[in-house]
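Scroll down for the structure; my scribbles are underneath it.
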Amino acid sequence: MIGLCLSDPHPDRAGDGSPIRTLSAARFYGRYRLVDFMLSNMVNSSIYTIGMILNSHYQSLIEHIGMGKEWDLARKSGGVTFFPPYYADERQSVNSELDGPLQRAAEFLTDRKDEYIVLADSSIVYNMNYRQAFEAHKKNNADVTAIYTKKTITSGERENTAVFTVSEEGRVTGIGQAPLNIETINVSLGAYIMHKRTFIQLTAGERNCGMQRFSRILLADALDRLKVMAYEFKGYTAHICSVETFFHYNQDVLDMDKRNSLFDFEGRQIFTNLRDSLPAKYGKQADIKNSVVADGCRIDGTVINSIICRNVKIAPGAVVRNCVLQDDTVVENNASLDCIITDRSVKISENRKMMGYRTYPVYIERGRVI
Amino acid sequence: MVNKHKECIAMLLAGGRGSRLKALTELVAKPAVTFGGKYRIIDFPLTNCVRSGIDTVGVMTQYQPLRLHDYIGKGQHWDLDRLYGGVSSLPPHSKPGSTAWYSGTANAVYQNQDFIENYAPEYVLVLAGDHVYKMDYSTMLDYHKKVNAACTIAVIEVPMKDASRFGILNTAEDDRVVEFEEKPKNPKNNLASMGIYIFSWHILRDYLNKDEEDENSNHDFGGDILPAMLKDGQRLFAYRFDGYWKDVGTEESLWQANMDLLDDLHLGFEDWHILSKSAGRPPHYIAPTGSIKNTLITEGCEIYGSVENSILSTGVIVEEGAVVKDAVIMENTRIGKGASVNYCILDEDTVVPDDAIVGASKESGGSLEIYSRDTVFEIDELKRRRAT
């Protein structure tokens with residue numbers, strides 16, 4: 001099988017207007033990036049040839065993945081291939097249209113011996129072995145197997161979530177947007193198994209398409225002619241598509257049952273790139289409760305219900321509650337934070353007090369000094 | 001055609017058992033023992049090599065090499081997976097006319113002359129695999145060249161009262177070595193050898209060959225090669241090092257070096273960044289019942305109890321009500337509910353049962369203990385009865 005990653009063009013600005021980096025390169029659970037889960041699921045399903053369709057702001061994503069060494073994807077045959085948009089003709093002006101990565105992905109798929117592909121969305125986090133779904137795909141003699149989970153979604157996910165109507169025989173009969181009333185629904189994981197020919201036919205004429213367009217338009221239009229079967233995934237899932245969902249799901253995994261169904265579940269490790277930071281160091285005055293802390297941190301203050309990413313420093317007297325502090329954030333003496341998300345390299349100076357609310361976390365952009 | 005010449009290559013002595021570390025080295029060689037939560041001792045010399053621009057390292061292994069070889073791998077964790085050079089594991093091997101174990105430190109290098117000659121180096125750096133320190137060997141090499149030495153020995157000043165525990169170099173004013181005394185009763189100097197040598201290879205090669213023919217030799221660098229070179233009037237120089245350096249070959253020094261990280265996490269070298277094979281586990285979790293003071297905690301840990309003045313390696317679980325103090329805990333060890341762990345080193349994969357009493361507190365005069373995974377721990381029956 002070949003893995004193909006299709007993500008949505010992310011809004012440059014989300015929530016309160018704060019800029020947010022390509023989400024698949026955003027932090028999750030202290031040290032991971034969203035894309036790590038998709039890549040690890042592929043590798044844990046013995047899929048070692050992966051194509052990544054890129055659309056915008058992909059620099060940090062490419063830097064993160066590199067040769068794919070940490071995912072065991074640095075190989076002579078297989079590995080990760082990127083499909084960024086580019087100018088088809090050098091003489092074209094900057095304003096002319098970009099060549100579609102999808103055509104090149106189609107060539108890439110055609111050239112490979114493998115018949116089947118797993119299409120996956122890098123902004124949805126879960127730990128799954130796709131091989132079981134592939135077995136079901138063959139058994140059902142399906143054209144497409146659509147992986148979904150039954151859950152209640154947050155209002156922030158609604159717009160970016162495809163929902164399936166599933167018949168008694170397990171066939172997908174409708175694909176649409178989530179309804180307004182919040183109840184348990186069949187939520188697409190943006191993961192589909194199909195023959196590569198089916199994918200090429202479905203996306204014919206498309207230059208580039210996000211997962212939402214693929215699900216809700218291209219696949220939805222083909223439900224009559226293709227046998228699209230549903231496959232239920234029962235583990236934990238998190239769909240991160242905005243500041244609110246980023247905050248919600250980072251906090252959500254403080255629950256150990258949820259954590260355990262994401263990490264090392266059934267022996268499947270989630271891989272990420274490694275920086276060999278020192279272990280986290282706690283000072284004599286440190287006070288920490290119900291929090292996740294990554295390596296390289298130095299904690300001398302109080303930390304409650306928070307996710308602390310790599311190399312964060314929290315000084316004595318500082319109080320951090322319900323926060324997600326990303327890499328290299330510094331919180332100085334007696335500063336106080338509640339419901340705050342910091343991007344990388346943010347500095348909160350002495351005695352500053354900042355507060356958001358659980359339903360309205362405040363996002364501080366990269367490199368800001370408060 | 002690749003240029004196969006390397007000016008200086010490193011030969012790392014990693015074959016010893018380190019029997020003074022008792023249970024910790026039953027399954028692994030000393031250089032593969034965990035240090036500082038997420039490192040192995042061998043990460044220190046390997047990182048030093050890479051940071052000093054030495055990209056060819058031969059690691060001479062002998063005792064329990066399986067996990068050490070596995071750990072070293074292709075050298076990818078230290079950027080030592082090079083097209084030419086990189087890290088090579090060198091266990092003893094048979095060749096036409098001989099089949100022999102490494103009989104001493106010098107003999108180990110002697111037996112790997114072919115490996116060294118591959119790179120036709122001018123200089124060979126000989127390193128020990130059981131020291132924790134950060135050192136730029138390139139400045140030592142510059143010194144070696146400047147003084148036109150046959151051998152340069154890195155030395156560190158030790159307190160005069162401790163000098164009789166070390167190999168001591170007596171030097172002239174220009175730091176030229178005039179005498180070498182192994183653990184002298186009445187030391188005349190306080191410059192201790194750190195077991196780090198740079199040799200001019202063509203000179204060392206002659207001495208290794210001569211030494212091999214000497215039936216009375218123990219084939220040891222400190223005991224045989226250096227004295228022979230001194231006797232012949234070769235230029236031996238001391239190279240003074242004043243950073244952090246610790247031989248972690250004993251249980252006390254291993255425990256102390258771990259604890260030193262609590263005072264200075266970087267061991268005085270902020271930008272050195274020790275490279276390692278990371279387990280890649282999720283960040284650690286501290287539960288609402290957890291409490292942590294003055295401690296290092298590594299990825300993958302889950303803390304439900306309280307921990308003070310300790311070093312917790314990757315994947316350690318401290319259950320609710322457990323109290324850990326002054327302890328170094330190796331990977332994936334689980335400390336059961338209500339257990340009390342004091343002043344000790346706990347081996348990896350150890351399971352400490354609920355309400356166990358492990359070690360005696362440092363304040364009450366307890367002595368440092370090392371516990372292996374096979375230990376049958378004492379249980380606090382009173383506590384257990386109260387709990388049920």
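Each chain gets a letter, A, B and so on, in the order its sequence line appears, and its residues count up from 1. Just the heavy atoms: all of them, side chains too, but no hydrogens, waters or symmetry mates, feed the values below.
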To check you understand the geometry: which heavy-atom pair defines the closest contact between [X] and [Y], and what is its length?
X	Y	value
B/L275	A/D276	CA-OD2, 3.4 Å
B/I292	A/I288	CD1-CG2, 4.3 Å
B/G290	A/K289	O-NZ, 2.7 Å
B/K38	A/D295	NZ-OD2, 2.7 Å
B/L296	A/K281	CD2-CB, 3.5 Å

By a 4.5 Å heavy-atom criterion (distance strictly below it), what part of [X] contacts chain B: side chain, backbone, both, or neither?
X	answer
A/I299	neither
A/E70	neither
A/Y29	both

Residues from residues 279-286 of chain B approaching chain A under 4.5 Å (heavy atoms):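 Hits under 4.5 Å: B/A279, B/G280, B/R281, B/P282, B/P283, B/H284, B/Y285, B/I286.
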Interface residues of residues 69-83 of chain B facing chain A - heavy atom cut-off under 4.5 Å: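 Expected list: B/Q76, B/H77, B/D79, B/D81.
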A/R310/B/E299 ion pair, N-O < 4.0 Å: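 Judged by the 4.0 Å cut-off on N to carboxylate O distance, A/R310 and B/E299 do not form a salt bridge.
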Greatest number of heavy atom pairs closer than 4.5 Å to chain B - which of A/T272, A/V293, A/N273, A/V292: A/V293
Residue among A/G30, A/A286, A/S291 with most heavy-atom pairs under 4.5 Å to chain B: A/S291
Validation row: B/S310, A/Y282 side chains within 4.5 angstrom (heavy atoms):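 Not in contact.
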